[in-house]
A.B. asks: 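Once you've had a glance at the structure underneath, I'll fire off some questions.
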Amino acid sequence: MLDEKETKDLLNFLKLDTRPDLKGQATEYILGLTGNKDSCRYLGSKPAFLKALLTLTRDPSVAIVKDCYHTLINLSADTTAHEALIKEANALPPLLHNLLDPGYLFADQICTILTNLSRNKETCREVFRAIQDEGVGLARIVEVFCTEGYNEKASLHYLGPLLSNLTQLPEARHFILDKDRCVLQRLLPFTQYESSAVKRGGVVGTLRNCCFDYSCHEWLLSDAVDILPFLLLPLAGPEELSEEENEGLPVDLQYLPEDKRREKDPDIRNMLIETMLLLTSTKAGRQILKKKNVYPIMREFHKWEKEPDVIVSCEKLVQVLIGDEPETGMENLMEVNIPEDVEKKFQALDAEERKQIEKEREELLRSEAEGKAEVGSSEAKRECSGEALGR
């Protein structure tokens, strides 16, 4: 941990007109410090340091700029630095300006910093406000995200998680769900396997957040958006369904090929199921998912899935799909008022369920580790046997 004198001395090297070799050593040293939690929090509490690092992102040396951005990524990963970065260091305007530069080398690092800063709802609001106030606008962020090759030097995949974070806010969801803008329709294709996992996860998270606005469920499931195939296709496998089951499915899910792969990321699989669960919170949503024959896909998925928490989510969805309709007056599950004592029981059950999931996950990991050890042992025995035969 630095003391006040060391901090002051180090700051003297973090200037644009400092000798390049001294600057390089200083930024490299600071980057190393952010690997330690206490040092990271200390630096994050010093606005002068943050301002100096932001200033040096304009340095002629690529190595120095890279160190500064990686340091800012580490600092922004800790929520205690968020207020200082946003309010005292005024980090958002320069970050957003550079993000939109199609030739900027460090746009991916900026995406990561903005994603970190927008995780918590309070600072997320500040990020959203800056996007609007700086003349960027959410429409521009979506446009850049959807434009393949917008920046030849950066993938910009982390704009997906940024969009997901922003849709914590009702005003961001309102923009995404605007029926005249067709934003959602542009994002849907990125749920599929061809996109990177970061992009897929960001878009699925965005869709899930938008489904909290239950007044839009019928529209989301209508032909105008047709969200269901994009949620269901990544969960569908190559299993052969009956003719009757196939005919009840959306066209894109009928008679899938033998080499059909499922989404490989368990977190994304879970979010896809959670999104459909949200859609079943309204009567119209439940009826459409049942009519579209979602159950056979989830039945086969349940047989295939190994992750305990994803299995639990799948079972919850299946229960809704095969269960009876709620009694009159409780059709919209998001509007049902749950008594306090009942809610406490649910919370206790949920905590117990989480413990069971963790236990099952540990057992799964142990089983996989033992399996790998057995394979390794068998290979070693074969190698020894081969050497003996060769002598």
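Side-chain atoms are counted along with the backbone in the values below, which use heavy atoms only and exclude waters and symmetry mates.
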A.B. asks: Provide the closest heavy-atom pair for N151 versus K153 in the form atom of the first, atom of the second, distance.
C.D. replies: OD1-N, 2.8 Å

A.B. asks: Kindly compute the distance separating CZ (F230) from CD (Q192), expressed to the nearest 0.5 Å.
C.D. replies: 6.5 Å

A.B. asks: Do L231 and V225 sit in the same hydrophobic cluster, where Ile, Leu, Val, Met, Phe, Trp and Tyr count as joined when their side-chain heavy atoms come under 4.5 Å apart?
C.D. replies: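 They do share one cluster, since a chain of ILVMFWY contacts under 4.5 Å joins L231 to V225.
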
A.B. asks: Parallel, tilted or perpendicular: which describes the rings of F301 and W304, with under 30° parallel and over 60° perpendicular?
C.D. replies: tilted

A.B. asks: Using the rule salt bridge (Lys or Arg N to Asp or Glu O under 4.0 Å), only one of R299, R262, K303 pairs with E239; which is it?
C.D. replies: R262

A.B. asks: Before accepting this row, confirm whether a basic side-chain N of the pair D59/K23 lies closer than 4.0 Å to the acidic partner's carboxylate O.
C.D. replies: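 K23 and D59: salt-bridged.
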
A.B. asks: Is there a path from V62 to Y69 through hydrophobic residues (I, L, V, M, F, W, Y) whose side chains come within less than 4.5 Å of each other?
C.D. replies: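 In one cluster with V62: Y69, yes.
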
A.B. asks: Please determine whether residues L156 and V198 belong to a single hydrophobic cluster, defined as Ile, Leu, Val, Met, Phe, Trp and Tyr linked transitively by side-chain heavy-atom distances below 4.5 Å.
C.D. replies: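 Not linked; separate clusters.
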
A.B. asks: For the aromatic rings, using the six-membered ring if either is Trp, is the centroid distance between F145 and F190 under 6.0 Å?
C.D. replies: yes

A.B. asks: Taking all non-hydrogen atoms of both residues, which atom of P234 and which atom of L272 are closest, and how far apart?
C.D. replies: CB-CD1, 3.7 Å

A.B. asks: Minimum heavy-atom separation for L188 and I227, please, with both atom names.
C.D. replies: CD2-CG1, 3.8 Å

A.B. asks: Look at the side-chain heavy atoms of Ile, Leu, Val, Met, Phe, Trp and Tyr, link any pair under 4.5 Å apart, and say whether Y193 and I268 land in one connected group.
C.D. replies: no

A.B. asks: Quick one, D78 and R41 - any side-chain contact, counting heavy atoms below 4.5 Å?
C.D. replies: yes

A.B. asks: Looking only at heavy atoms, what is the nearest atom pair of T115 and P161, with distance?
C.D. replies: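 So the two residues come closest at CG2-CB, 3.7 Å.
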
A.B. asks: So E143 and R140, salt bridge (Lys or Arg N to Asp or Glu O under 4.0 Å) or not? Walk me through it.
C.D. replies: CA-CA 5 Å; E143 181 69 29; R140 185 72 174 132; 5.6 Å; no

A.B. asks: Quick one: are L241 and I297 in side-chain contact, heavy atoms under 4.5 Å?
C.D. replies: yes

A.B. asks: Between CG of L114 and CD1 of I131, what distance do you get to the nearest 0.5 Å?
C.D. replies: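 So the CG of L114 and the CD1 of I131 are separated by 7.0 Å.
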
A.B. asks: Rounded to the nearest 0.5 Å, what separation is found between the CG atom of L221 and the OG1 atom of T282?
C.D. replies: 7.5 Å

A.B. asks: May I ask you to test the P229-P250 pair for a side-chain heavy-atom distance under 4.5 Å?
C.D. replies: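 P229 vs P250: side chains touch.
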
A.B. asks: Once rounded to the nearest 0.5 Å, what's the spacing between atom CG of L14 and atom CZ of F49?
C.D. replies: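 Reported value, rounded in 0.5 Å steps: 6.0 Å.
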
A.B. asks: Ignoring hydrogens and angles, tell me if any N or O in the side chain of E245 forms a donor-acceptor pair with the backbone of S242 under 3.5 Å.
C.D. replies: yes

A.B. asks: Do the side chains of I141 and I86 join up, straight or via other hydrophobic residues, at under 4.5 Å, putting them in one cluster?
C.D. replies: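 Yes, because I141 and I86 connect within a single hydrophobic cluster, where side-chain heavy atoms sit under 4.5 Å apart.
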
A.B. asks: Quick check on E218: does its CD atom have over 12 non-hydrogen neighbours (other residues, nucleotides or ligands) under 6.0 Å away?
C.D. replies: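 Count not over threshold, so no.
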
A.B. asks: Any salt bridge between D17 and K15, counting N to O under 4.0 Å?
C.D. replies: no

A.B. asks: Check whether any side-chain heavy atom of L85 lies under 4.5 Å from a side-chain heavy atom of T123, and answer yes or no.
C.D. replies: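 Of all side-chain heavy-atom pairs linking T123 with L85, none is under 4.5 Å.
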
A.B. asks: Nearest 0.5 angstrom please: C68 SG to L53 CG, how far?
C.D. replies: 5.0 Å

A.B. asks: Looking only at the side chains, is there a donor atom on one of E315 and H302 sitting less than 3.5 Å from an acceptor on the other?
C.D. replies: yes

A.B. asks: Just wondering, do L163 and L187 contact through their side chains at under 4.5 Å, heavy atoms?
C.D. replies: yes

A.B. asks: For residues D108 and S155, determine if any side-chain heavy atom of one lies less than 4.5 Å from a side-chain heavy atom of the other.
C.D. replies: yes

A.B. asks: With a 4.5 Å heavy-atom cut-off, do Y104 and L99 have their side chains touching?
C.D. replies: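 The answer is no, as the side chains (C-beta and beyond) never meet within the 4.5 Å cut-off.
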
A.B. asks: Enter the distance from T18:OG1 to F13:CZ here, rounded to the nearest 0.5 Å.
C.D. replies: 7.5 Å

A.B. asks: Is any side-chain heavy atom of Y295 closer than 4.5 Å to a side-chain heavy atom of L289?
C.D. replies: no

A.B. asks: Show the numbers, then the answer: is there a salt bridge (Lys or Arg N to Asp or Glu O under 4.0 Å) between E263 and R269?
C.D. replies: CA-CA 6 Å; E263 168 58 56; R269 295 199 299 271; 6.0 Å; no

